[in-house]
Every structure is written in C-alpha cells, then in structure tokens.
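Everything numeric here is computed off the predicted structure, so don't read it as measured data. So that the names make sense, note that chain A is the first sequence line, chain B the second, and so on, each numbered from 1.
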Amino acid sequence: MEDSLRERVAEAVTGAWQSAIAGGSLPPLPDDERSQVDVHVERPAHPEHGDFATNLAMKLARPYRRSPMAIAQTLAAELEGQIGREAGRTQLADLITSVEVAPPGFLNFRLSERALEATIDRILSEPKSWGRRQAAIPQRVNVEFVSANPTGPLHIGNARGAFVGDLLARVLAAAGHEVSREYYFNDFGAQVSNLGASILALRDAKEVPEDGYRGSYVAELAADLPPRLVESAGTADDPAVVVGQWASERVRAGIEASLERLGVHFDVWKTEGSLHREGWVERAVAKLREAGYVYERDGATWFRSTDFGDDKDRVIYRSNGQPTYFAADIGYITEKFRRSFDHLVYVWGADHHGTVARVRNAATAMGYDPAAVEILLIAWVRFVRDGREISMSKRSGEFITLDELLDEVGVDAARWFFASRGHTTGIDFDIELAKKQSNENPVYYVQYAHARIASILRKASETGLSLADSVEGALSDEPEAGLARAVARLPDVVEDAAEAKETQGITAFATELATTFHAFYRDARVVDPDEPDRSRGRLALVAATQVTLANALALLGISAPELM
RNA sequence: GCGCCCGUAGCUCAGUGGACAGAGCAUCUGACUUCGGAUCAGAUGGUCGGGGGUUCGAAUCCCUCCGGGCGCGCCA
C-alpha cells in the first residue's frame, strides 16, 4: 500500500473527476486543456480546513466555464457517493471520512481513523523504510559537489556546498533514486605546481612565490617532505610538480577525512587529468566539431556557445594548445552520461554562475537533454565572529578550516543550520552566536523529543508494559489523533524535498513533530500501570513518533540520541 | 554598463499561485511535589524593499525603481 496518504487522496480526486466525466455530470475536456490541469493536493494552512485540500475545482473553472463552487459540488458528490457505497469495506472509506466544499471552491478532506491506524501500524512493522519513497520514474543521479582543488584543507567557505550536496544526495536517495556522489578535482595544473613550489621555498627558507600558498599547513607539508622524494624531485624536470603532486595527495586525503567527519562520503573521486588521459575531452570536442559547433580563431579552438544564447563563444583549447577548464567540463559530461546516469546535478558556488550557460549549452550541442544537466548555485555564507566578518583566502593562509568549525559548533548543529535554509539565499553564520545559542538550537529540541521517547520506552519496559500489536481503536480521541496525523506526513515531506531540491521542509517538519509530541506528552500520560490497555496503545503511537523523528534526522545526517 | 541571485517580525530565516503571512531566537507573563523543565501555555512584534500590472485569487508571476551580493578571462 502507498505510504503517502496525500498521494492516495490525489488518486481519489483524479478518479472522481474521471468518473464525473464518465457519468456525464462533467463534460470531457480536450486533451490539450486537460494536460494543463494537474491534480494538486496539499495540506491546508489551517487545521479547521481538514487534513488535505485540493484546488482542482478552481483550476477547472476556466476550461469548463462553470463556477468553481459548482464543480466542487459535483466532485464532492462523486466522492461522497463512493464513500457511501464502499462504507465498511473499501479503500476510499478507509481513507477519508468527509468531503467539504469551501468557498471559493476548495475541496477539504478529513482522514479516517482507519487510515491513521494503518499508518502507525505500518511504521512499527517496518520502521526502516518509513519515509522512503518509490519514485514514479527512478533515475540514476550523479551529484557532484565540493570539488575543491587539493591545494589546502577545506575551509568553512566549503562547508555549505558540502552539506547541501550531501543533503541533496540523501534526499534523492530517499525519494527512490539511485545516487552517486562525486568529487571532482584538478591534480595536475598550475595550482598544484604552485603548491609544490611554495613547499620547496619554505623548506629552503626562501620567499614563497607571488602566487604561492602560505598558511601553516604548507609549513607542515614542508616539514614532512620525505627525503627520497626530495632526491627524486631534484633530478626531475620540474621539482615543484613532483612535490606538488605528493602534497596534493596528502591534502586530498586530509580533505576526505574532514568530509567523513562531517558525515559526507563520496563514491567517486574523479580527476581532471584522467578525463584528458582517457580521451574523454578529445572525443567530446570531436562530437561538438561534428555537430558544427567548433571553430578555430586566433590560434585557439572555440565552442560556438552563442548559438545557444550565450553572450560570447568559449575557448576550448588555448592558442598555446593547452585545454581550458571548460574543455574538461565538456569531456566530463560525456563521461558521466556514458556511465548511464539519467540526471547530473552540479552543486557550485554562486561565483560560478557565469559558467552555467556554457556547460549546459555544450551538453545541448552534444545532443543531451539540457534538463538532465542541473546546476545548483549555492549562495555565499558570511562567516561572522562577534559581528565581524571573517575573511578567507587560501593563498594568504588566513582561513578557518572546516575542522575548526566543527570543534567549535558541532556537526549536528552545523548540519541543521544549513539544512534549514534555502541554498539560494545568502546567509550569515555567526560562530559565537551558534555556540552561545547551542542550547536553544532547534536541533536539540528535536533530539530531546527523541531522547524523551526513548526514556518513556525504557520506563515502560521497567514497568512491564509493552507496545500494542496494533493501534486499532487507540487513535479515536485527541491528543492521539493529532500526533498520528503529524507523524503520517513524513513521506510527503520527503517527496516535496526531493522535488524542490531543498531540505528546509524536513527541518520544519521535524520541529513541528517535536512540538506536537511535547504537547502530547503534557496532555497524555503514556506509562500508566492503572490503565494498561490505553498505555499500550499510546506506547505504540509514541514509538512510531520516535521512528519518524529518527528517520527525519537520519535524512539530514543528524544523530538521534537515546540519552542527552 | 550588462547578466544572475537576494530583499518577509528587533535578529536569523521558512513560506515561490490559493482560504486570516509562519518558525526559532530575543522581550514580557504564567505552569505540573506522577513518564526527562534541553519542557509546556500565553503575550508583544509585519506598508512581505517602493510603485505599477496580470489573475477569481499575488509575499509568490510580469514591468519598473531602490538597496545588497556575485559574475562578466585563451584563470580555475
């Protein structure tokens, strides 16, 4: 059975519309008009409007040239007829108890007790899969994020992209897609050689080059240089490159460790060099050339990006024969699609928005569906300490590393902070405030609700009370029904998050559920030896609440403690 | 100059076509000698940056102005 009550209501509404047409109470609609009307079911902002609502009648008012209220009445009559006929034995009557028409044309629905009971029982019988969806069309999705070059440790400027990409990957997986997480970096370019040169300069107590790297990590690398490497570098054409490659591998391993500490794991680490070596760039450019979008000018090779609306054409190979970064991007697109991904997601910093058009244009020019290449631009975070902005630059060596941030703020709080904000809005992160307010942070509020339930369950087992096998009959009153209603929303929250590629809905849901639970706790005594039957029912409900909180937190990569 | 993103309560942010605009924090007032007070109940607080338009309906879509951020390389 479908876990999403919302989806089942939507199916019922669609069915009512169709049977109204079949029964002649509404005329058929031409296909083109019909396809413009999608059946949308949502949770009303106000509880007195019921558990679900649809605006379908208002959407149909124009094509039908009838008043929204009249159409709503027709649809409501259709649904109520079904509920009446099926009462006591079938699906619709088990799902909703009433259909109300409300001006200017809403249809409002109330969930049946049976639907809530079935949901709670289902959560307890299969807690792990609660909230996970089966996508209508499961896709293989590649999510590429962070992708910082290994020339220094990750700093707090990389934090948002790391969290957003990871959250997105988790949400897409929960929504039923197959997700691969990918980190892309340059292991051979000028930056790596600059890193090597900086290390060698420090080691020889010389001035670090103009475009070199400073920072204490460079000194540490210099101190750790293995003598044998120095020897072999001495005989190499370019010692800086040899040392740089050694250093960048060290740095990369450190980056991986930092990310693991954040709870961010990658499936694939891809290097720009491999795209060249394996011929992906060459083949992609040939593909573009065949399609007629490549030309030579001033000794360089260009992609005719303007054919797709870009404001200028873009260089693929420079006049010195060297490929640009964009060349690798092109090769990478074909390489990813060759691995049979259906959808590519790029998580980029907002400063890269100038390159979005050319990458999508190149994908289009090579014959790929541009809709399958999705680039998310993550707005900046202003890190602030005591009201003063913290400036960051790897080259100057002034920055706060990700590890330092975690030492101060904690992974759960940091994850919650980024998960609860949309990725397109620039935000302020005041480190001192984050520390000071840690006890007031909503993440602890949610975790506390989870731990409190764990405590109740411990108490119950000490008292010798166990969970009811089924909550049948246990949800007929408040506050039980209200808590069950809140719990039942998780699958819809997951679907909305995956759809919007945003996670704020999940943090908002978790907070609301915690609030509902805390109020329930106040009003309903769960462990009460004098009323064992009622206790057993409430224990089951509370256990389902705990599963829901834990699964929502897991979706965000946040721990769900049994004790705090 | 051109392009993209953003502007919602004192602060940090949700809400991006629906029914009286929300949360957390801050401020103020209250609460159970029973399951965890990291809790609960209530109050204060908003010209949704300004103006115009589209729509039965706009914080949400369009235009314009103001303010802020970021881009506009044969750098990455």
Side-chain angles (χ1 to χ4, degrees), chain A residues 40 42 44-46 48-49 53-55 58-59 61-62 67-68 102-106 108 147-149 151 185-186 189-191 211 272 297-302 311-312 314-329 349-357 377-380 382 417 420-430 433-434 436-449 451-460 462-463 465 500 502 504-505 507-508 511-512 514-515 517-519 521-529 535 538-539 542 563-564:
Chain A
H40 180 69
E42 63 180 9
H46 304 283
E48 61 269 26
H49 294 133
T54 182
N55 61 355
M58 288 180 282
K59 284 268 166 59
R62 183 186 293 274
S67 83
F106 287 104
N108 294 332
S147 295
N149 278 337
T151 51
F185 64 99
N186 184 335
Q191 293 188 50
D211 48 2
E272 187 179 343
R297 193 183 73 207
D298 304 334
T301 304
W302 298 71
D311 53 2
K312 52 187 83 158
R314 305 293 173 175
V315 173
I316 300 171
Y317 290 107
R318 294 172 226 169
S319 47
N320 67 6
Q322 289 298 306
T324 60
Y325 189 82
F326 173 54
D329 281 340
D351 55 335
H352 283 68
H353 71 76
T355 63
V356 170
L377 296 173
I378 309 304
W380 286 125
R382 271 181 73 229
F417 181 88
S420 59
R421 287 152 173 82
H423 65 249
T424 56
T425 309
I427 52 180
D428 282 0
F429 191 116
D430 189 317
L433 216 57
K436 265 186 238 156
Q437 292 182 347
S438 63
N439 285 341
E440 312 302 329
N441 193 312
V443 70
Y444 299 114
Y445 178 82
V446 174
Q447 289 178 322
Y448 180 69
R452 203 179 210 184
I453 294 173
S455 168
I456 293 171
L457 295 175
R458 283 193 298 270
K459 178 91 181 178
E462 284 164 20
T463 317
L465 285 166
E502 295 280 11
Q504 311 90 285
T507 54
T511 307
E512 271 182 58
T515 298
F517 165 72
H518 284 308
Y521 176 86
R522 178 199 63 220
D523 294 332
R525 181 162 187 83
V526 181
V527 178
D528 185 354
S535 287
R538 284 180 174 169
L539 279 167
V542 152
L563 292 168
M564 288 180 75

Please report, rounded to the nearest Å, how far the [atom2] atom of [N] is from the [atom1] atom of [X].
| X | N | atom1 | atom2 | value |
| --- | --- | --- | --- | --- |
| Phe326(A) | C74(B) | CZ | P | 12 Å |
| Arg452(A) | U39(B) | CZ | P | 8 Å |
| Leu563(A) | A38(B) | CG | P | 14 Å |
| Phe417(A) | A23(B) | CZ | C1' | 15 Å |
| His49(A) | C20(B) | NE2 | P | 8 Å |
| Glu502(A) | A14(B) | CD | C1' | 11 Å |
| Leu465(A) | U34(B) | CG | C1' | 15 Å |
| Arg525(A) | G36(B) | CZ | P | 9 Å |

Determine whether a donor-acceptor pair (N or O, by modelled atom type, separation under 3.5 Å) exists between the side chain of [X] and the backbone of [Y].
| X | Y | value |
| --- | --- | --- |
| Arg421(A) | Gln504(A) | no |
| Asn320(A) | Gln322(A) | yes |
| Ser535(A) | Asp528(A) | yes |
| Asn186(A) | Asn149(A) | no |

I'd like to know if [X] reaches the base of [N] with its side chain such that a donor and an acceptor end up less than 3.5 angstrom apart.
| X | N | result |
| --- | --- | --- |
| His46(A) | C20(B) | yes |
| Asn108(A) | A19(B) | yes |
| Glu48(A) | C20(B) | yes |

Quick one: label [X] by what it contacts on the DNA or RNA (base, sugar-phosphate, nothing), any heavy atom closer than 4.0 Å.
| X | answer |
| --- | --- |
| Ala53(A) | base |
| Asp351(A) | sugar-phosphate |
| Pro44(A) | base |
| Ala451(A) | base |
| Ala514(A) | nothing |

- Note on the structure: With B for base contact, S for sugar-phosphate-only contact and - for none (protein heavy atoms under 4.0 Å), nucleotides 3-10 of chain B reads BBSS----
- Task: May I ask you to evaluate whether Gln447(A) reaches the phosphate of A38(B), defined as a side-chain N or O under 4.0 Å from OP1 or OP2?
- Result: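 Result: no.
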- Query: Between C40(B) and Tyr445(A), is there an OP1 or OP2 to side-chain N/O distance shorter than 4.0 Å?
  - Reply: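 So the side-chain polar atoms of Tyr445(A) do come within 4.0 Å of the phosphate oxygens OP1 or OP2 of C40(B), strictly under.
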- Message: Between C74(B) and C70(B), how many Å separate the two C1' atoms, rounded to a whole number?
- Response: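 Taking atom C1' in both C74(B) and C70(B), they lie 23 Å apart.
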- Item | Separation between the P atoms of C62(B) and C6(B), rounded to whole Å |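 Result for the P pair: 11 Å, nearest Å.
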- Which dot-bracket string fits RNA chain B when only Watson-Crick or G-U wobble pairs with both atom distances under 3.5 Å count, crossing pairs get [ ], and | stands for a partner on a different strand? (((((((..((((....[...)))).(((((.......))))).....(((((..]....))))))))))))....
